[in-house]
Amino acid sequence: AKLTIADFACWAWYGSLVLGRLYTGSDQFLQVKDYLHVLLWAKRLDARKGVRRGRKVNRSWGESHMKLLERHSVSDLEALEKQEESLTKPE
């Protein structure tokens, strides 16, 4: 299925809710497992590089490699991704 601007507009809040990120247990409260297509939609968007990057912009909470207080250029995101890679590589 083709994604539209509506998918991206809704995903920021509803996708996070469906994936259980908005508040603890939101996925259980909504009984997401009963709505396979909604869950697949949320996971499909979540897997996109641009969405993963966008979740980090202007984020002031969480681990340092998951937040970018200000974004002035793509190099800001690239530096953050390098930091994240260095944390996940085995020594």
Chemist: Using 0.5 Å steps for rounding, measure from the CZ atom of Arg52 to the CG atom of Leu45.
Modeler: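 With rounding to 0.5 Å, CZ (Arg52) is 12.0 Å from CG (Leu45).
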Chemist: Quick test of your reading: applying salt bridge (charged side-chain N to carboxylate O under 4.0 Å, His left out), list the pairs with at least one residue in residues 4-17, sequence neighbours left out, ordered by first then second residue.
Modeler: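 Output for this query is empty, none listed.
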Chemist: Find out if a path of hydrophobic residues (ILVMFWY) with successive side-chain heavy-atom gaps under 4.5 Å connects Tyr35 to Leu40.
Modeler: no
Chemist: Determine whether Val57 and Leu77 satisfy the following criterion, side-chain contact (heavy atoms from CB on, under 4.5 Å), listing intermediate values before the conclusion.
Modeler: CA-CA 8 Å; Val57 176; Leu77 280 166; 4.2 Å; yes
Chemist: May I have all residue pairs that pass salt bridge (charged side-chain N to carboxylate O under 4.0 Å, His left out) and include part of residues 32-43, sequence neighbours excluded?
Modeler: none
Chemist: Is it true that Val51 and Trp41 fall in one hydrophobic cluster, defined by side-chain heavy atoms closer than 4.5 Å?
Modeler: yes
Chemist: Does the side chain of Arg53 reach to within under 4.5 Å of the side chain of Val74, using non-hydrogen atoms?
Modeler: yes
Chemist: Output yes when Glu81 and Lys56 qualify as a salt bridge under the 4.0 Å nitrogen-oxygen rule, no when they do not.
Modeler: no
Chemist: In residues 8-26, what donor-acceptor pairs under 3.5 Å come from side-chain atoms, sequence neighbours left out?
Modeler:
{"unit_1": "Trp11", "atom_1": "NE1", "unit_2": "Ala42", "atom_2": "O", "d": "3.1"}
{"unit_1": "Ser16", "atom_1": "OG", "unit_2": "Ala12", "atom_2": "O", "d": "3.2"}
{"unit_1": "Arg21", "atom_1": "NH1", "unit_2": "Asp46", "atom_2": "OD1", "d": "2.8"}
{"unit_1": "Arg21", "atom_1": "NH2", "unit_2": "Asp46", "atom_2": "OD1", "d": "3.4"}
{"unit_1": "Arg21", "atom_1": "NH2", "unit_2": "Asp46", "atom_2": "OD2", "d": "2.9"}
{"unit_1": "Ser26", "atom_1": "OG", "unit_2": "Leu17", "atom_2": "O", "d": "2.7"}
{"unit_1": "Ser26", "atom_1": "OG", "unit_2": "Tyr23", "atom_2": "O", "d": "3.2"}

